[in-house]
Number of protein chains: 2
Amino acid sequence: MFENEVYERMINYQETMSKSHKKIANYLIENRETAPFLTASKLAKHVGVGEATVIRFAFFLNYKGYPDLQRHLQEAMQRKMTSAEVLVKTTDKDGSTSDVVTEILGDDIQNLKTTLNQLNTAHFEQAVQEIIDANRIYIIAYRSAASIGSFMEFYLDMVLQNTEMIRQGDGVSEHLLDIKENDLVIGFGFARYTKRTVEVLKYAKQRGAKTLIITDHYMSPLVPLGDLKLIAATEINSFIDSFSAPLSIVNALVTAVTRAEHVKVEKRLHDLEGLWDNFDVFEE
Amino acid sequence: MFENEVYERMINYQETMSKSHKKIANYLIENRETAPFLTASKLAKHVGVGEATVIRFAFFLNYKGYPDLQRHLQEAMQRKMTSAEVLVKTTDKDGSTSDVVTEILGDDIQNLKTTLNQLNTAHFEQAVQEIIDANRIYIIAYRSAASIGSFMEFYLDMVLQNTEMIRQGDGVSEHLLDIKENDLVIGFGFARYTKRTVEVLKYAKQRGAKTLIITDHYMSPLVPLGDLKLIAATEINSFIDSFSAPLSIVNALVTAVTRAEHVKVEKRLHDLEGLWDNFDVFEE
DNA sequence: ACTTTTATGAAGTATTTATTTCATTATATG
DNA sequence: CATATAATGAAATAAATACTTCATAAAAGT
């Protein structure tokens with residue numbers, strides 16, 4: 001993908017880089033359109049390191065000096081631009097795409113656009129409020145939808161500590177018996193809707209819980225079972241459905257909840273931070 | 001006509017220009033991608049005029065000096081590029097995003113576009129081939145990445161029956177011991193990379209397995225551990241990362257594999273269909 | 001905990017790049 | 001064709017930028 005070797009070098013030498021050098025590499029990679037124009041001292045200021053360190057970085061990558069590194073960055077930029085233009089042209093042609101990636105990612109871009117246009121923002125905002133107000137939250141998502149369900153479970157439970165997903169393996173009933181009036185049940189279901197999802201949601205409504213449905217179509221059998229409905233497009237040219245758009249909606253829900261409850265959430269995240277440190281979970 | 005006022009100026013002043021000045025203007029207009037990088041003396045040589053004339057040209061256009069003219073040329077170049085790339089940044093009319101959904105889905109559209117532009121299609125195609133050729137496939141994905149990992153497991157195992165995901169809870173070692181030379185290990189890891197992911201991948205490489213990395217950045221600590229790397233943008237304006245783009249890449253991988261192996265896969269799906277019927281899994 | 005090694009930025013120096021000067025050449029005008 | 005005017009590039013000077021040095025701080029090793 002990189003036509004010029006500069007970025008390859010950065011990637012290859014990554015492991016032997018010092019902290020500051022990594023910062024510089026990072027900045028160069030993330031600002032490929034502007035960074036090649038900067039002088040050494042300006043780059044140093046942008047990155048937050050000394051000018052000398054920038055110069056050393058150029059030598060570190062085996063260039064003759066900063067101007068040499070700069071020249072290579074500039075060349076990469078020039079070539080990148082034309083290849084980007086070529087790509088735009090190939091995708092713009094009436095649907096006939098040469099390779100699978102371009103086709104699928106293109107479809108997903110379309111799905112997100114469609115979802116965004118069709119989305120009922122009132123329902124979305126209500127959904128956020130219900131999530132915040134809920135006593136406990138249960139997520140129903142079977143088969144392939146389980147992945148998106150567990151993603152939502154992971155983050156909602158991280159920030160609210162009152163969320164769990166009801167999994168296929170579970171002796172369903174025991175969890176379901178807990179569902180109460182001021183609980184919220186979030187159901188995911190996409191084409192080839194599983195019977196079990198429908199059944200569980202019916203039961204949840206019977207028990208008086210609020211229901212939020214995330215599905216792929218207004219004609220979905222889940223729609224009548226939801227007090228709130230969020231529709232996300234999932235169509236791609238494949239035997240599977242794409243969950244990019246529903247996942248993006250989950251991102252938006254989680255983000256909206258955390259923004260509304262940011263005081264609580266920040267404390268919670270800070271506490272977790274200490275925990276993670278203790279158990280040495282993350283790199284760097 | 002031109003995006004930046006620099007070129008307008010040249011055109012407007014064209015008539016009052018001297019011979020040499022016209023030559024310079026001409027060169028700048030015809031080399032908009034390379035000329036902005038040149039120093040005054042180099043530009044002078046390219047055009048075939050004296051260095052002083054180039055400087056005078058900058059003053060002639062009412063710039064403060066050559067660096068000032070150069071800066072404007074560079075800005076024009078950048079703007080051209082981004083406007084070609086961005087196309088569809090869906091924001092509100094006034095630019096400020098009114099609600100979270102629009103903001104997050106807009107970010108994700110951008111992520112998919114970026115991913116598409118930066119993707120190494122050669123690596124993608126190799127990845128598809130490795131998946132097809134692999135004896136067994138192991139997926140490594142911890143914490144939030146687990147959701148996308150299990151999605152991939154679900155479909156790859158459905159069509160190939162040789163895929164499993166190594167889960168956090170598992171007494172890791174027992175599965176890892178099985179990893180052999182012609183196996184493929186697919187590792188997912190995104191910002192706040194977990195140590196365990198890195199360790200497991202190192203181990204997999206040691207055992208001689210092929211490795212495919214799906215991560216968010218070329219500076220990710222996972223990159224050096226992958227024989228093949230696929231990079232997907234995950235940045236949204238939130239404390240979480242978005243997996244829409246990586247998920248879309250997984251969609252593309254699964255789709256490409258099934259298209260390449262469609263004879264086998266169709267039979268398999270047909271068999272499953274019978275199974276599902278028997279157990280009455282789906283609605284309608 | 002201590003030593004050694006390595007990395008760092010401030011300050012100084014060298015180099016490159018931009019600008020000005022000035023003698024020369026080209027162009028225009030009567 | 002002579003003269004005035006404007007434009008030009010080589011060389012000198014000024015400014016900006018790149019690179020080096022060195023004392024100090026952070027990591028790594030023991």
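Quick note on labels: first sequence line is chain A, next is B, and so on, each numbered from 1.
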>> Using side-chain contact (heavy atoms from CB on, under 4.5 Å), reason through Met152(B) and Ile186(B) one step at a time and then give a plain yes or no.
In response: CA-CA 10 Å; Met152(B) 190 174 202; Ile186(B) 303 178; 3.8 Å; yes

Can you tell me the distance, in whole Å, between the [atom1] atom of [X] and the [atom2] atom of [N]?
X	N	atom1	atom2	answer
Arg71(A)	dT17(D)	CZ	P	20 Å
Met17(B)	dT8(D)	CE	P	12 Å
Lys23(B)	dT8(D)	NZ	P	9 Å
Phe60(A)	dT6(C)	CZ	P	14 Å
Ile24(A)	dT8(C)	CD1	P	8 Å
Ile55(B)	dA11(D)	CD1	C1'	14 Å
Glu51(A)	dA14(C)	CD	C1'	13 Å
Phe59(B)	dT8(D)	CZ	P	15 Å

>> So that I can tick it off, tell me whether Glu5(A) and Arg9(A) are bridged by a salt bridge, with the cut-off set at under 4.0 angstrom between side-chain N and carboxylate O.
In response: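 Counted as a salt bridge, because a side-chain N and a carboxylate O are separated by less than 4.0 Å.
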
Do the side-chain N or O atoms of [X] get closer than 4.0 angstrom to the phosphate oxygens (OP1, OP2) of [N]?
X	N	answer
Ser41(A)	dT17(D)	no
Thr53(B)	dG9(D)	yes
Thr39(B)	dT17(C)	no

Short question: side chain of [X], backbone of [Y] - any donor-acceptor pair under 3.5 Å?
X	Y	value
Ser150(A)	Ser147(B)	no
Ser248(B)	Ser244(B)	no
Glu164(B)	Glu153(B)	no

> Among dA18(C), dC19(D), dT8(C), which is the nearest nucleotide to the side chain of Ser18(A)?
Replying inline: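 Taking heavy atoms from C-beta onward, the closest nucleotide is dT8(C).
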
> To the side chain of Ala52(A), which of dT20(D), dT19(C), dC19(D) is closest?
Replying inline: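 Between dT20(D), dT19(C), dC19(D), the one nearest the side chain of Ala52(A) would be dT20(D).
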
> Roughly how bent is the helix from dA1(C)-dT30(D) to dG30(C)-dC1(D) end to end, in steps of 10 degrees, with each end axis from five pairs?
Replying inline: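 The angle, to the nearest 10 degrees, is 40°.
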
>> Under the rule for ring pair (Phe, Tyr, Trp, His ring centres under 6.0 Å), what residues qualify as partners of Phe57(A), not counting sequence neighbours?
In response: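 For Phe57(A) the ring pair (Phe, Tyr, Trp, His ring centres under 6.0 Å) partners, ignoring immediate neighbours, are His21(A).
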
>> Counting primed atoms plus P, OP1 and OP2 as sugar-phosphate and everything else as base, spell out the protein contacts along nucleotides 22-30 of chain D at 4.0 Å heavy-atom distance: B, S or - for each nucleotide, 5' to 3'.
In response: -----S---

